[in-house]
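Worksheet for the structure shown next.
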Amino acid sequence: MLRLFNTLTRKKEIFRPLGDVVGIYTCGPSVYQYAHIGNFRTFIFEDILVRYLKFKGYKVKRVMNLTDIEDKAISTARKEGKTLRDLTEYYTKIFFEDMKTLNLLPADVFPKATEHVPEMIAIIRKLMENGYAYRGTDGSVYYDVSKFRYWGKLSHLKLKTGKKKIKRDEWGEESAIISDFALWKSYEKEDRDVFWETEFGKGRPGWHIECSAMCTKYLGTRFDMHIGGVDNIFPHHEAVIAQNFGAFSENPSRYWLHSRHLMVDGRKMSKSAGNFYILRDLLDRGYEPMAIKYLLLSVNYRRRLNFTLEGLVEAGKKLEKIQNAIERLKYSNGGDDAEKMARKTLKNFERALDDNLNTGKALKVMEELTDEISRINPDRESSEKTLGTYRVFDSILGLGLFKLS
RNA sequence: GCCAAGGUGGCGGAACGGCUACGCAAUCGCCUGCAGAGCGAUUCCAUUCCGGUUCGAAUCCGGACCUUGGCUCCA
């Protein structure tokens, strides 16, 4: 029985699907730069979750959005003298390549924000009609958070409503005052050719509306899971809930899952600290993609994971050890029975993943099986059965365990 | 300030009331034409601190101390 930690309730809850198909929406990449390994920690987690649900017999529909319009993307395109479209198409292509390199299954739908402006407008219209939105003096449309009584429920922040912006690093009484957020931003000349003519004027979408529009379009007003990194909790997912509630009177997702950020060399990964890794840099330096994946899976997604190059080497060794054991099983023709061990391991593997997708533990039980069968000389029949067990593991983990074959 | 997570051997990381995981690293053997891989053995007073509950605590309770994360750039 699968249990997942729901940010909304801050508890592990037994997973019960709403319908025949498990609907999963995940906040995908902003395609104006290379995705880094931290991004991939989240995407790998999501991938294993999807694969595991399928293994358990669920049908899954997964939607992953591509954010191809936002402030940074626009300014990056301007700096590089490219059109927004050229820029985002390039990084989208790279992202798909990286996903393939890491053996991640593609989502069923990859909707792009720029292709869903009419859907966004429809939701903003509803929000206006329902009294959750207003036109600002600058012509933009804002969400009035004072109208939403559950504002702050997901993030568990005690937020005071107000129009003031908080100042960072000046925590005091006023620090929890938050501002309304933009649904539709009116046109500024820095936007150049990035605009749409709509009933709310010439402009472009706000930061959060795309997810409301696209999750609703592809999964309906109520689906099973919404996933992202912890940084999305506030304000992004809080805003998505507010938007959907204002438009459709319900929280769009039953479970909200958030993966924790990874650390690099014991510190938060950041460009300024020089500990910022993107996939292709690591590959250029000779590291194996599956070793990277192995390391990223070695700790449960809600725990802090410290990414180091030493850890990466170690992960590569562990993976190799398993690959070697599998290779040996293909030809072993001894007299020992491995099947019992394999069956026990599969059970423990499932138990680990059932517990909030504890991939670290799952890898551990797999390593233990590997050690056990290395000590014996399995007979032909149980070797085949054990290989079957490894195939199950690999179908869920996608680690290329049969690489040597 | 508010809200969280966590502190286990040289390192990573299990165990959530009892049998002192496991892996990596290190040392020594075995196997091997060499290499790789593998096997066996060995070493290391590990549970932040102080109380409490208990026959028994890393695990439960209370209190310290410390670390990390979030609080509209961010997966």
Side-chain angles (χ1 to χ4, degrees), chain A residues 5 7 10 26-30 32-33 35-46 64 67 70-73 75 145 152 155-160 164-182 206-208 227-239 257-263 266-272 276 295-296 298-308 310-318 320-325 327-328 348 352 355 358 360-377 404:
Chain A
F5 184 91
T7 304
R10 279 187 176 161
T26 70
C27 283
S30 291
Y32 67 92
Q33 60 180 11
H36 54 68
I37 53 168
N39 299 112
F40 282 113
R41 182 188 198 190
T42 302
F43 299 140
I44 289 170
F45 152 63
E46 294 167 351
M64 180 189 268
T67 300
E70 54 148 311
D71 292 358
K72 279 192 176 171
S75 65
V145 295
S155 52
H156 300 91
L157 294 175
K158 287 176 192 162
L159 299 166
K160 295 178 190 167
K164 243 197 221 169
K165 277 214 162 188
I166 64 166
K167 282 185 186 170
R168 290 238 201 176
D169 306 322
E170 289 181 19
W171 309 121
E173 270 305 299
E174 300 301 300
S175 67
I177 291 180
I178 43 78
S179 64
D180 294 346
F181 60 90
W207 299 348
H208 312 297
I227 314 180
V230 286
D231 56 299
N232 283 142
I233 297 172
F234 187 88
H236 181 59
H237 287 161
E238 202 77 70
L257 313 180
H258 296 97
S259 70
R260 194 153 190 174
H261 282 181
L262 65 80
M263 317 279 286
R267 285 184 302 169
K268 191 179 171 179
M269 182 168 70
S270 72
K271 279 180 179 166
S272 54
F276 192 88
L295 177 56
L296 292 176
S298 64
V299 177
N300 173 280
Y301 75 95
R302 289 199 70 249
R303 282 185 67 110
R304 204 180 301 155
L305 165 61
N306 188 22
F307 188 97
T308 62
E310 296 77 58
L312 186 50
V313 171
E314 194 177 302
K317 281 186 196 165
K318 287 181 181 175
E320 216 173 294
K321 197 169 171 181
I322 295 167
Q323 289 168 334
N324 284 324
E327 196 61 17
R328 179 168 170 265
N348 288 334
D355 182 16
N358 192 342
K361 185 110 182 271
L363 291 182
K364 182 198 128 201
V365 301
M366 188 168 71
E367 287 165 13
E368 278 173 1
L369 173 66
T370 305
D371 282 341
E372 284 176 17
I373 58 165
S374 294
R375 274 186 218 111
I376 61 171
N377 191 7
L404 300 178

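Because only heavy atoms are used, hydrogens play no part in the values below, and waters and symmetry mates are left out as well, while side chains stay in. Throughout, a chain's letter reflects where its sequence line sits, starting with A, and its residues are numbered from 1.
Not a single donor-acceptor pair under 3.5 Å links the side chain of A:Asp355 to the backbone N or O of A:Asn358. Looking at A:Asn324, its side chain does come within 3.5 Å of a backbone N or O of A:Glu320 through a donor-acceptor pair. No side-chain donor-acceptor contact under 3.5 Å links A:Arg10 to the backbone of A:Phe5.
Per the geometry, CD belonging to A:Glu372 stands 11 Å off C1' belonging to B:rC22, to the nearest Å. Distance NZ (A:Lys361) to C1' (B:rG23): 15 Å, rounded to an integer number of Å. Atom CZ of A:Phe5 and atom C1' of B:rG6 are 14 Å apart (whole Å). Remark: C1' of B:rC22 and CG of A:Asn348 are 13 Å apart, rounded to the nearest angstrom. Spacing between atom CG of A:Asn300 and atom P of B:rA15 amounts to 10 Å, rounded to whole angstrom units. Going from atom CD of A:Glu367 over to atom P of B:rG38 covers 13 Å, rounded to whole Å. Atom CD1 of A:Ile376 and atom C1' of B:rG40 are 16 Å apart (whole Å). As a whole-Å value, the separation of A:Asn358 CG from B:rA14 C1' is 9 Å.
For the pair A:Ser298 and A:Lys318, the minimum side-chain heavy-atom distance is 4.5 Å or more. At a threshold of 4.5 Å between non-hydrogen side-chain atoms, the residues A:Leu296 and A:Leu262 count as touching.
The separation of B:rG6 from B:rG38, taken at their C1' atoms, amounts to 38 Å, rounded to a whole angstrom. For the C1' atom pair drawn from B:rU27 and B:rC16, the interatomic distance equals 35 Å after rounding to whole Å. Going from the C1' atom of B:rC44 to that of B:rC11 covers 13 Å, rounded to whole Å. The same atom, C1', is picked in B:rA21 and in B:rU47; the two are 13 Å apart, to the nearest Å. Spacing of C1' atoms, B:rG13 relative to B:rA4, comes out at 22 Å, to the nearest Å. Look at the C1' atom in both B:rG7 and B:rA25: the space between them is 23 Å, to the nearest Å. B:rG10 and B:rC73 have their C1' atoms separated by 38 Å, with the value rounded to a whole Å. Going from the P atom of B:rC55 to that of B:rU67 covers 38 Å, rounded to whole Å.
Within the 4.0 angstrom heavy-atom criterion, base atoms lie near A:Leu262. Nucleic acid contact class of A:Arg302 (heavy atoms, under 4.0 Å, all strands): none. In this structure, A:Gly228 reaches the sugar-phosphate backbone alone: every heavy-atom distance under 4.0 Å involves primed, P, OP1 or OP2 atoms, never a base. Within the 4.0 angstrom heavy-atom criterion, no nucleotide atom of any strand lies near A:His236.
Under the side chain to side chain contact (heavy atoms under 4.5 Å, CB included) criterion, A:Asp231 pairs with A:His261, not counting sequence neighbours. Applying the side chain to side chain contact (heavy atoms under 4.5 Å, CB included) criterion to A:Glu70, with sequence neighbours excluded, gives A:Ser30, A:Tyr32, A:Thr67, A:Lys72, A:Ala73. For the ring pair (Phe, Tyr, Trp, His ring centres under 6.0 Å) test, residues two or more places apart in sequence or in another chain that qualify with A:Phe181 are A:Tyr143, A:Trp151, A:His208.
Applying the 4.0 Å criterion to OP1 and OP2 of B:rC22, one finds that A:Lys318 has every side-chain N and O outside that range. Between A:Arg303 and B:rG6 there is no side-chain polar atom (N or O) within less than 4.0 angstrom of OP1 or OP2.
Between A:Gly229 and A:His258, the shortest heavy-atom distance links the atoms O-CD2, 3.4 Å. The two residues A:Met64 and A:Gly28 make their nearest non-hydrogen contact at CG-CA, 3.6 Å. What you find for A:Glu46 and A:Ile227 is that their closest heavy atoms are OE2-CG2, 3.4 Å.
Here A:His261 does not lie in a stacked arrangement on the base of B:rG69, lacking the combination of planes under 30° and ring centres under 5.5 Å apart.
Side-chain atoms of A:Asp231 lie closest to B:rA75 of the nucleotides B:rA75, B:rG23, B:rU68. Considering only side-chain atoms of A:Met263, the nucleotide from B:rU68, B:rA37, B:rC73 that sits closest is B:rU68. Listed candidates were B:rG23, B:rU68, B:rC71. Nearest to the side chain of A:Glu314 is B:rG23. Distance from the side chain of A:Asp371 is smallest to B:rG23 among B:rA75, B:rG23, B:rU68. Counting only heavy atoms from C-beta on, A:Phe234 has its side chain closest to B:rC71 among B:rC71, B:rC24, B:rC73. Taking only side-chain atoms of A:Glu368, from C-beta outward, the nucleotide of B:rU68, B:rA75, B:rC22 with the closest atom is B:rC22. Looking at the side chain of A:Lys72, the nearest of the listed nucleotides B:rA75, B:rA5, B:rC73 is B:rC73. For A:Leu157, the listed nucleotide lying nearest its side chain is B:rG70; candidates were B:rA75, B:rC73, B:rG70. Taking every side-chain heavy atom of A:Asn324 into account, B:rA37 is the closest of B:rU68, B:rA37, B:rA75. Considering only side-chain atoms of A:Lys321, the nucleotide from B:rC3, B:rG13, B:rG38 that sits closest is B:rG38.
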Residues A:Leu295, A:Glu314; criterion side-chain contact (heavy atoms from CB on, under 4.5 Å); working and verdict: CA-CA 8 Å; A:Leu295 177 56; A:Glu314 194 177 302; over 6 Å; no
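The base of B:rC22 lies outside donor-acceptor range of the side chain of A:Lys364, with no N or O pair under 3.5 Å.
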Report all side-chain donor-acceptor pairs from residues 36-43 of chain A shorter than 3.5 Å, counting only partners two or more places apart or in another chain.
unit_1  : atom_1 : unit_2   : atom_2 : d
A:His36 : ND1    : A:Gly38  : N      : 3.0
A:His36 : ND1    : A:Asn39  : N      : 3.1
A:His36 : ND1    : A:Asn39  : OD1    : 3.2
A:His36 : NE2    : A:Asn39  : OD1    : 3.1
A:Asn39 : OD1    : A:His36  : N      : 2.8
A:Arg41 : NH1    : A:Arg260 : O      : 2.9
A:Arg41 : NH1    : A:Arg303 : O      : 3.0
A:Arg41 : NH2    : A:Asn300 : O      : 3.0
A:Arg41 : NH2    : A:Arg303 : O      : 2.9
A:Thr42 : OG1    : A:Ser259 : OG     : 2.7

Intra- and inter-strand pairs of RNA chain B in dot-bracket (Watson-Crick or G-U wobble, both distances under 3.5 Å; | for another strand): (((((((..(((.....[...))).(((((.......))))).....(((((..]....))))))))))))....
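Take the nearest nucleotide of RNA chain B for A:Asn306 and for A:Tyr32: the residue whose nucleotide is more 5' is A:Asn306. Nearest-nucleotide mapping onto RNA chain B: of A:Ser30 and A:Asp355, the residue sitting toward the 5' end is A:Asp355.
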Check: protein-nucleotides 25-34 of chain B nitrogen or oxygen pairs below 3.5 Å:
unit_1 : atom_1 : unit_2   : atom_2 : d
B:rA25 : OP1    : A:Lys317 : NZ     : 3.1

